[in-house]
Each structure stands twice: as C-alpha cells, then as structure tokens.
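Working notes for the structure below.
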2 protein chains.
Amino acid sequence: MVRYQFGGESELSNAPMSMSLLGKLQRDILTGKYRPGQKLTEQNLCKEYGVSRTPIREALRQLETDGLVENILNRGCFVIGFSEQDYEDLFDLRKAYEIQAVKWAIDRITDDEMDRLEETFEFMEFYTMRGDLDKMLVINAGFHQVIYEAAHNRMLQKTLTSYQTFLRYQGMNMVYGPDYLTTVLEEHRAIFKAFTDHDPKAGAEAMERHINRAKERRCG
Amino acid sequence: MVRYQFGGESELSNAPMSMSLLGKLQRDILTGKYRPGQKLTEQNLCKEYGVSRTPIREALRQLETDGLVENILNRGCFVIGFSEQDYEDLFDLRKAYEIQAVKWAIDRITDDEMDRLEETFEFMEFYTMRGDLDKMLVINAGFHQVIYEAAHNRMLQKTLTSYQTFLRYQGMNMVYGPDYLTTVLEEHRAIFKAFTDHDPKAGAEAMERHINRAKERRCG
DNA sequence: GACCGTATAATTGTATACAGAAATACAATT
DNA sequence: AATTGTATTTCTGTATACAATTATACGGTC
C-alpha cells in the first residue's frame with residue numbers, strides 16, 4: 001500500500017492533525033500577512049493564534065533558524081524581507097540541491113521509493129490529461145519530495161522541503177500559462193526516464209533544464 | 001578599520017558575550033558528548049547548563065531545525081546520528097553551495113569586502129609562513145566567511161556557516177599532513193586570484209578543486 | 001516465568017509570573 | 001521648537017506552575 005501525503009498540512013513530524021503553529025506562521029509571513037520589517041510582538045501573536053507565549057516563542061526561534069525572521073536581543077522578532085534578487089537566487093540554490101538530489105536519488109533509490117515515484121508520475125499524467133492545475137501543483141511537489149527522500153540525506157531533504165514551502169506560497173500569486181501542464185509533464189518525464197535508465201548524469205541534466213525553465217516561468 | 005571575528009564564540013547575532021546556550025549545545029552534540037540516539041532530557045540539560053527549561057526548549061527547537069536533534073511529540077529530543085555517508089555527502093552539499101557562493105561573490109563583492117578578503121588572504125600567507133596551524137584553521141574559516149558575505153545572500157550564508165560549524169568540530173579530530181598549510185594556501189590563492197581577475201568561472205573551478213581536495217584530506 | 005492492567009512517577013506541552021531591558025510619554029530646559 | 005532627563009509602560013528573557021502524556025514499577029493472572 002502506498003500512502004500519499006501531499007496535503008502539505010502535516011509538516012513531517014510533530015503536527016497535531018491541524019496545521020501546526022509553525023506552519024501557520026510560515027504561511028502568514030510568506031503570504032505577506034506580516035510585512036517585511038514588521039515587528040512580531042509576542043502578545044499580539046498570542047491573541048492571533050490563541051496560544052500562550054511559550055509555543056509562540058519556540059515557533060519564532062524556528063522561524064529564525066529558517067531565516068524568515070530576525071531576532072534582535074531584547075528587542076524582538078522582525079519579519080525578514082526578500083528582494084527580487086533573493087527570489088531569483090533561490091532558484092539557483094534550489095537548482096544546485098535538486099541536481100545533487102536527483103544524482104543521489106538515482107543511485108540510492110529503493111524499490112519501494114521507485115514504486116512511489118512511478119505512481120506519482122502516473123498521477124501527473126492523469127491530472128495533466130484532466131487539466132487539473134490545483135492537483136497538479138500538489139503532485140508536482142510530491143514528485144520532488146519522493147526524489148528528496150530517495151536521495152537519503154536528511155539535510156538535503158530538510159533544505160529542499162523548506163525551499164518548496166517558500167516557493168509554494170510564492171507560486172500562489174503566479175499566473176500559469178496555457179501549456180504549463182504539458183510542458184511540466186514532459187520535463188518530469190525526462191527526469192523520471194533517468195530513474196528507469198539508472199542514469200544520474202541524464203537525471204542531473206533533465207533536472208537542470210527543469211529548474212532553469214521553472215525560473216523563466218517564475219513558478220515551481 | 002577592519003575588524004575580525006574569527007573566534008567563533010559569537011554566533012552572528014544574539015550572543016551575550018560568552019558562548020550562547022545554542023552554541024554550547026551544538027558543540028556538545030557535534031563533539032560527541034551526547035551520543036547519537038541519546039535522549040536529551042530537559043531537566044538534565046537544565047542542571048548541565050544552569051538555566052531553566054524555557055531557554056533549553058528554545059535552543060532545542062533551533063537544533064531541531066538545524067537537523068542536529070529530532071523532536072518526537074510528547075517524547076522528547078533525541079540526538080541525530082550521522083553516518084560516514086552523511087559526512088561524505090556534506091562535502092558535496094557544501095561544494096554545491098560554495099561554488100555558487102564564489103560565483104555570486106565575485107560578481108557582487110563590494111570594495112570593503114574585497115579589502116577584507118585581501119587582508120584575510122595575507123594573514124593566510126603569514127600564518128602559513130609561520131607554520132601556525134591553529135591560527136590557520138581560524139583564518140581559513142574566515143576566508144570562506146568573507147566570501148559568503150560577499151555573495152550577499154542570507155540563506156546561502158546561513159547554510160554555509162552552519163556547515164562550517166559542523167565541519168569545524170569534526171575537524172578537531174583530524175590529523176593534518178605536513179604540507180597541509182602550503183597546499184591549502186595555494187588552493188586559496190587560486191580562489192583569491194579569481195576575485196582580483198573578476199572571473200567567476202575560474203573562481204568556481206578553483207573552489208571545486210579546493211573542496212574536492214578537502215574531501216580527500218577529510219578536513220576543511 | 002511471562003503477560004497484562006493499574007497506579008505511580010517522570011517528562012513533555014502549555015500557561016503564567018516575575019525580573020530586566022527597551023520603548024514611550026511627558027515635563028523641564030535650552 | 002528642539003532636546004534632554006525622568007517616569008511610566010510595554011515587551012522580552014527567564015523561571016516556575018500546572019495539565020496532559022508517556023514511561024516505569026508493581027501486583028495479579030495465566
């Protein structure tokens with residue numbers, strides 16, 4: 001049995017069913033509810049999310065490590081702003097890791113993971129055929145997630161998952177062209193083929209093309 | 001006036017003079033005081049570091065985000081173990097980012113940063129001449145830090161700094177060969193030359209060689 | 001002796017209380 | 001009007017208290 005977990009609601013580990021406080025804060029920062037430079041007062045966040053200061057502070061510390069807020073001693077947390085350059089750069093950082101991920105994944109993937117990758121790709125074909133953009137965006141993220149897992153490196157997985165979260169909320173404002181679905185499908189097909197061919201080099205090249213075009217499209 | 005901050009005691013932002021709790025925990029995990037799989041009980045850490053649970057918990061959350069511990073809901077924090085493969089992989093992840101860093105840095109470096117890079121390199125030459133390994137290791141980290149800063153990308157800088165911390169504590173157990181100093185100096189000279197030549201491609205190649213050899217040497 | 005259920009203890013998650021620092025308001029002074 | 005010094009308030013940093021969950025110990029049953 002293969003389970004899918006594309007919803008994005010549960011953040012890998014400790015998520016008590018509903019969206020975690022950390023996830024909510026990530027969302028609200030990345031979607032612009034809190035503006036760059038804005039001070040996040042703990043009291044206000046307590047009221048906003050209906051919890052006490054302790055969990056708020058712990059979430060803020062994680063956001064600090066994630067690089068979404070800056071904590072200045074005795075003065076509080078401030079939302080970090082991202083320039084256009086930062087967003088562009090993110091594609092290059094992601095590209096470097098995605099290429100490494102696919103190379104490792106093709107070498108290290110287990111049979112079970114290969115089954116999941118195949119099934120995920122078949123879902124991509126299905127939803128492309130149906131023209132279901134929303135489902136496609138979710139499956140798209142899932143396809144990459146399987147690769148991250150198959151790379152069998154915790155740090156890589158954490159970092160790329162974090163980038164995905166980042167781009168997911170960014171992508172919510174994007175406009176998707178008419179042939180987005182078919183184009184992206186073919187890009188993923190090339191990547192998937194590299195897995196069936198056990199060809200890390202081809203995988204790296206296909207992934208590089210994929211991310212380069214994603215950068216041009218300015219969406220995942 | 002150019003100030004150096006190589007000591008590694010102060011972690012960029014909020015470090016109240018002495019080593020921060022987070023830094024101590026990082027050190028004690030990475031140097032093996034706490035073993036992989038070991039449970040970090042909050043009470044014990046309180047006694048160990050002489051603070052209450054609140055700051056301990058906040059530090060643990062940051063360590064979780066950093067990937068040094070795993071937090072299981074209602075069960076506590078456990079030290080994450082790193083395999084030989086993980087350590088090898090880390091060089092590849094670092095390589096990907098260091099190459100990107102040097103390419104951006106050569107494009108984006110300010111005059112002030114260039115002065116600091118030059119001065120740092122001159123210190124490297126001096127300490128190599130003197131055969132001062134300890135100082136050299138510190139300056140080595142500093143040289144890369146200047147590059148990270150010159151790349152002008154917060155995420156890149158955070159990630160690479162974190163890798164440096166990781167490898168620094170690892171490197172403490174390493175044995176350095178007799179020509180380590182001169183070899184490393186020449187590798188850095190090639191990188192530095194790429195900056196004076198404003199040649200990102202050459203910089204990337206020099207950096208790739210540097211990290212590849214570092215991987216062979218199994219130290220910074 | 002192995003297994004299971006309950007009671008107890010220990011530990012985590014959350015809320016609150018208190019101390020110290022920073023921001024603010026405001027009066028006095030130039 | 002601008003500035004400085006002080007008092008007040010607000011907020012962060014830390015410690016502690018309480019609630020919920022998990023781990024442990026122990027006794028009963030097979």
Side-chain angles (χ1 to χ4, degrees), chain A residues 9-29 33-81, chain B residues 9-29 33-81:
Chain A
E9 290 297 293
S10 71
E11 296 289 334
L12 280 164
S13 54
N14 52 334
M17 293 311 288
S18 67
M19 198 177 193
S20 69
L21 178 63
L22 179 63
K24 286 181 195 166
L25 279 164
Q26 281 179 333
R27 179 197 59 195
D28 292 341
I29 289 173
K33 176 172 176 179
Y34 305 118
R35 294 281 159 195
Q38 181 176 345
K39 180 174 177 185
L40 298 177
T41 307
E42 293 172 9
Q43 291 279 358
N44 294 346
L45 298 177
C46 289
K47 281 182 238 165
E48 186 68 29
Y49 300 98
V51 292
S52 74
R53 282 180 62 208
T54 308
I56 290 285
R57 283 178 63 87
E58 289 177 8
L60 286 175
R61 282 287 142 74
Q62 294 188 278
L63 291 172
E64 186 192 3
T65 309
D66 274 343
L68 288 181
V69 304
E70 185 182 8
N71 193 340
I72 300 177
L73 190 67
N74 284 323
R75 292 194 49 191
C77 275
F78 299 84
V79 178
I80 286 183
Chain B
E9 290 297 295
S10 71
E11 296 289 334
L12 278 164
S13 53
N14 51 335
M17 294 311 287
S18 65
M19 199 178 192
S20 70
L21 178 63
L22 180 64
K24 286 181 195 165
L25 279 164
Q26 281 180 333
R27 179 197 58 195
D28 291 343
I29 289 173
K33 177 173 176 179
Y34 304 119
R35 295 280 159 195
Q38 180 176 347
K39 180 173 176 187
L40 298 177
T41 308
E42 293 172 9
Q43 292 278 358
N44 294 347
L45 297 179
C46 289
K47 280 181 238 163
E48 185 68 29
Y49 300 99
V51 291
S52 75
R53 282 180 62 210
T54 309
I56 290 286
R57 283 179 64 86
E58 290 177 8
L60 286 175
R61 283 292 145 80
Q62 294 189 277
L63 291 172
E64 186 191 4
T65 310
D66 273 343
L68 287 181
V69 304
E70 187 183 8
N71 193 342
I72 301 178
L73 190 67
N74 285 322
R75 292 193 49 191
C77 275
F78 299 84
V79 178
I80 288 183

Open item on the list: Is there a side-chain contact between A:R35 and A:V79 in this structure, where contact means two heavy atoms from C-beta onward sitting under 4.5 Å apart?
Closed with: no

Task: Distance in angstrom units between A:I56 CD1 and D:dT14 P, rounded - done: 18 Å

TODO: Would you kindly give the CZ-to-C1' distance between A:R57 and C:dG13, to the nearest whole Å?
DONE: 16 Å

TODO: Give a yes or no answer on whether the side chain of A:E48 reaches the backbone of A:L45 with a donor-acceptor pair at less than 3.5 Å.
DONE: no

Nucleotide N/O to protein N/O under 3.5 Å, stretch nucleotides 19-25 of chain D:
unit_1: D:dT21; atom_1: O3'; unit_2: B:N74; atom_2: ND2; d: 3.4
unit_1: D:dA23; atom_1: OP1; unit_2: B:R75; atom_2: NE; d: 2.6
unit_1: D:dA23; atom_1: OP1; unit_2: B:R75; atom_2: NH2; d: 3.4

Open item on the list: By nearest heavy atom, map A:T54 and A:G76 onto DNA chain D; which one lands nearer the 5' end?
Closed with: A:G76

Open item on the list: Whole angstroms only, please: what is the NZ-P distance between B:K47 and D:dA15?
Closed with: 15 Å

Task: Atom-pair distance (CG on B:L45; P on D:dA15), nearest Å - done: 14 Å

TODO: Taking salt bridge (charged side-chain N to carboxylate O under 4.0 Å, His left out) as the test, write out the residues that go with A:R57, two or more places apart.
DONE: A:E42, B:E58

Open item on the list: Nearest 0.5 Å, please: how far is CG in B:D28 from CG in B:L68?
Closed with: 11.5 Å

TODO: Side chain of A:R53 only, please: which of C:dT11, C:dA17, D:dA15 is the nearest?
DONE: C:dA17

- [ ] Might you point out which heavy atoms bring B:K39 and B:G76 nearest each other, and give the distance in Å?
- [x] CE-CA, 4.4 Å

Task: Side chain of A:N71 (C-beta onward), nearest among C:dT14, D:dG13, D:dC11 - done: D:dG13

TODO: Rounded to the nearest angstrom, tell me the gap between atom CG in B:L60 and atom P in C:dT11.
DONE: 14 Å

- [ ] Output yes when a side-chain donor or acceptor of A:S20 lies under 3.5 Å from a complementary backbone atom of A:G23, and no otherwise.
- [x] yes

Open item on the list: Does C:dA15 have its OP1 or OP2 closer than 4.0 Å to a side-chain nitrogen or oxygen of A:S52?
Closed with: yes

Task: Where A:A59 and A:L25 come nearest, the two heavy atoms and their spacing - done: CB-CD1, 3.7 Å

TODO: Could you state the atom-to-atom distance from CG of B:N44 to P of C:dT11 in whole Å?
DONE: 7 Å

Open item on the list: Let me check the geometry of the helix from C:dG1-D:dC30 to C:dT30-D:dA1. What is the bend angle between the axes at its two ends, five pairs each, to 10°?
Closed with: 10°

- [ ] Select base, sugar-phosphate, or nothing to describe what B:L21 touches, counting heavy atoms under 4.0 Å on all strands.
- [x] nothing

- [ ] Starting from P on C:dT14, measure out to CG on A:L22 and report it in whole angstrom.
- [x] 13 Å

TODO: Might you point out which heavy atoms bring B:S52 and B:C46 nearest each other, and give the distance in Å?
DONE: C-SG, 3.6 Å

- [ ] Answer yes if the side chains of B:N44 and B:Y49 hold a donor-acceptor pair under 3.5 Å, and no otherwise.
- [x] no

Open item on the list: Closest approach to the side chain of A:T41, judged atom by atom: which nucleotide of D:dT14, D:dG13, D:dC11 is it?
Closed with: D:dC11

Open item on the list: With a 3.5 Å distance limit and no angle check, can you tell me whether A:K33 reaches the backbone of A:R27 through a side-chain donor-acceptor pair?
Closed with: no

TODO: Grab the CD-P distance between B:E58 and C:dT12 for me, whole Å please.
DONE: 16 Å

Task: Along DNA chain C (nearest heavy atom to each residue), the more 5'-positioned of A:P55 and B:E42 - done: B:E42

